[in-house]
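Before any comments, here is the structure.
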Amino acid sequence: MAKNRNDWEQSFQSLQIEGRAFIDGQYCAAADGATFDCTSPVDGRFLAKVASTDAADAELAVQVARRTFESGVWSGLAPAERKRILIAFADLILVHKEELALLETLDMGKPISDSLSIDVPATANAIRWTAEAIDKVYDEVAATPQDQLGLVTREAVGVVAAIVPWNFPMIMASWKFAPALAVGNSFILKPSEKSPLTAIRMAQLALEAGIPKGVFNVLPGYGHTVGKALALHADVDVLAFTGSTAIAKQLMVYAGQSNMKRVWAEAGGKSANVVFADAPDLKAAAEAAAGAIAFNQGEVCTAGSRLLIERSVKDQFMPMLVEALKAWKPGHALDPATTVGAVVDARQLENVLRYVQIGQDQGAALIAGGSRTLEETGGLYIEPAIFDGVNNAMTIAQEEIFGPVLSVITFDTAEEALKIANDSIFGLAAGVWTRDLSKAHTFARGLRAGSVWVNQYDGGDMTAPFGGFKQSGNGRDKSLHAFDKYTELKATWIKL
Ligand code: NAD
């Protein structure tokens, strides 16, 4: 039977929360003993003291990762053997799904139903899908002259460090560690200081599944301390990042200042969701548009934060949108009926409220939400907001808010809509709603975005690559393309 809020509270009482780093197969305090308090945005409760690791810990973790990589204890295993162990890891995540879901929700505020039905299974699936692929990808024999044999082989890069955000802590981490580990690298994960708990727990499960000690390490701590130390480290081969565009740029500087490590960045977004008058179902489009901004408290890199609506249907569409947003009501994140949980921390809440103010100051019309709510819970909740009358030059249409604030922009022609959609420094995702097949294809082709959804918003699974154009990043997570980030290609020429 599904758990109710009281059941989850009971589970919390028996939860043993681990807050230490995980290096060389064991939990350990930061070298200097530093910790920070981890509290829940759901209601302000204290969760754990978490190790605040720094350069000394990064040094140790990199040495351990390098040593295990070179020992071949993991890198030297047959792909089928790594597959078996990674699938065992995915299975263990599902065995512990309630514990992980509870940690994820309490740590970063998302609704418990989402953690349980989306975050935990998607993490296990990312690991399983990638593991299942790894003994089915082949290297190449080049089209050489008769007296030559040219082999094109992929090799693991060595030591991979990943720095990830707090909005989907487990999923974002798994999109990095699954392919990096599958090809044989050793791995260091730096979770966000705002959501370290599931990463710390998963490290133990990885060991239990059979991933040798030293291959999967977790360093909780701040970006400007341990994150920076990893990014500047001369013996990290690849830095895989998901987070803001500003920090992605900084990491590229660090790479240039150190060993020119490859930096793969999945960064910010300001995605356009374009609804044409000939959308197959305007109500469905309105419901999807509401979900596109309110799901996960709007803390989604692909959030459909700019809604472009064709003028001729706007009056019909807007009441549907306002109505659809009512399904997205903030509530206590441990209540299984809740659809909108808590914003990750007070700073983020202030930031979102600041953008609501800026929107009003610049002349957009706030027609729904935009206020803090449920303050009596001690948690950080905000009513999803809609701004009408936005023009694309406004701050709320250009900057990534990373909260539930929707900008509605009106257009008259497809050309105008495309120009507005692409008028952004970002290019992560976009949606198009039309029943005209040719228009859908032409428009999708014109969009400068890594994912395009037609007559839906946010479709996708492990089979297709995910990532951004422009300042939304480089490289791709998910699918077989993800292996490219964690391997080097070697050409071997044999004279026959
Ligand atoms: P952030 O950039 O502030 O932090 C991300 C990570 O970088 C954290 O672990 C942080 O500790 C670390 N960090 C911060 N400063 C650092 C430094 N100087 N050196 C090294 N590491 C440092 O982002 P956030 O607030 O955690 O997450 C929100 C952002 O993530 C949004 O911009 C969102 O669009 C983006 N995001 C992108 C995707 C994607 O796939 N493109 C997915 C999810 C989130």
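Numbering of residues begins at 1 and proceeds along the displayed sequence. Side chains included, hydrogens not; waters and symmetry mates left out as well; all remaining heavy atoms used. Remember, it's 1-based here, ligands and their atoms both numbered in the order they're listed.
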Go ahead and list the nitrogen or oxygen contacts between ligand 1 and the protein that come in under 3.5 Å, distances to 0.1 Å, or just say none.
from: ligand 1; atom 1: 2 (O); to: Ser244; atom 2: N; distance (Å): 2.8
from: ligand 1; atom 1: 2 (O); to: Ser244; atom 2: OG; distance (Å): 2.6
from: ligand 1; atom 1: 9 (O); to: Val164; atom 2: O; distance (Å): 2.8
from: ligand 1; atom 1: 9 (O); to: Lys190; atom 2: NZ; distance (Å): 3.0
from: ligand 1; atom 1: 11 (O); to: Lys190; atom 2: NZ; distance (Å): 2.8
from: ligand 1; atom 1: 11 (O); to: Glu193; atom 2: OE1; distance (Å): 2.7
from: ligand 1; atom 1: 11 (O); to: Gly223; atom 2: N; distance (Å): 3.3
from: ligand 1; atom 1: 19 (N); to: Gly223; atom 2: O; distance (Å): 3.2
from: ligand 1; atom 1: 23 (O); to: Ser244; atom 2: N; distance (Å): 3.4
from: ligand 1; atom 1: 25 (O); to: Trp166; atom 2: NE1; distance (Å): 2.9
from: ligand 1; atom 1: 26 (O); to: Trp166; atom 2: NE1; distance (Å): 3.1
from: ligand 1; atom 1: 30 (O); to: Gly243; atom 2: O; distance (Å): 3.4
from: ligand 1; atom 1: 32 (O); to: Glu400; atom 2: OE1; distance (Å): 2.5
from: ligand 1; atom 1: 34 (O); to: Glu400; atom 2: OE1; distance (Å): 3.4
from: ligand 1; atom 1: 34 (O); to: Glu400; atom 2: OE2; distance (Å): 2.5
from: ligand 1; atom 1: 41 (N); to: Ala267; atom 2: N; distance (Å): 3.3
from: ligand 1; atom 1: 41 (N); to: Ala267; atom 2: O; distance (Å): 2.8

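At a cut-off of 3.5 Å, with distance as the only test, no side-chain donor of Gln204 or Glu208 sits close to an acceptor on the other residue. Side chain to side chain, Asn273 and Trp433 meet the donor-acceptor criterion of an N or O pair below 3.5 Å. Side-chain contact of Thr39 with Asp37: a donor-acceptor pair under 3.5 Å is absent, judged by distance alone. No side-chain donor-acceptor contact under 3.5 Å links Asn125 and Arg128.
Residue pairs satisfying the salt bridge (charged side-chain N to carboxylate O under 4.0 Å, His left out) criterion with at least one member in residues 288-299, sequence neighbours excluded, are absent.
In summary, Glu104 and Arg201 do not engage in a salt bridge, as defined by a charged side-chain N under 4.0 Å from a carboxylate O.
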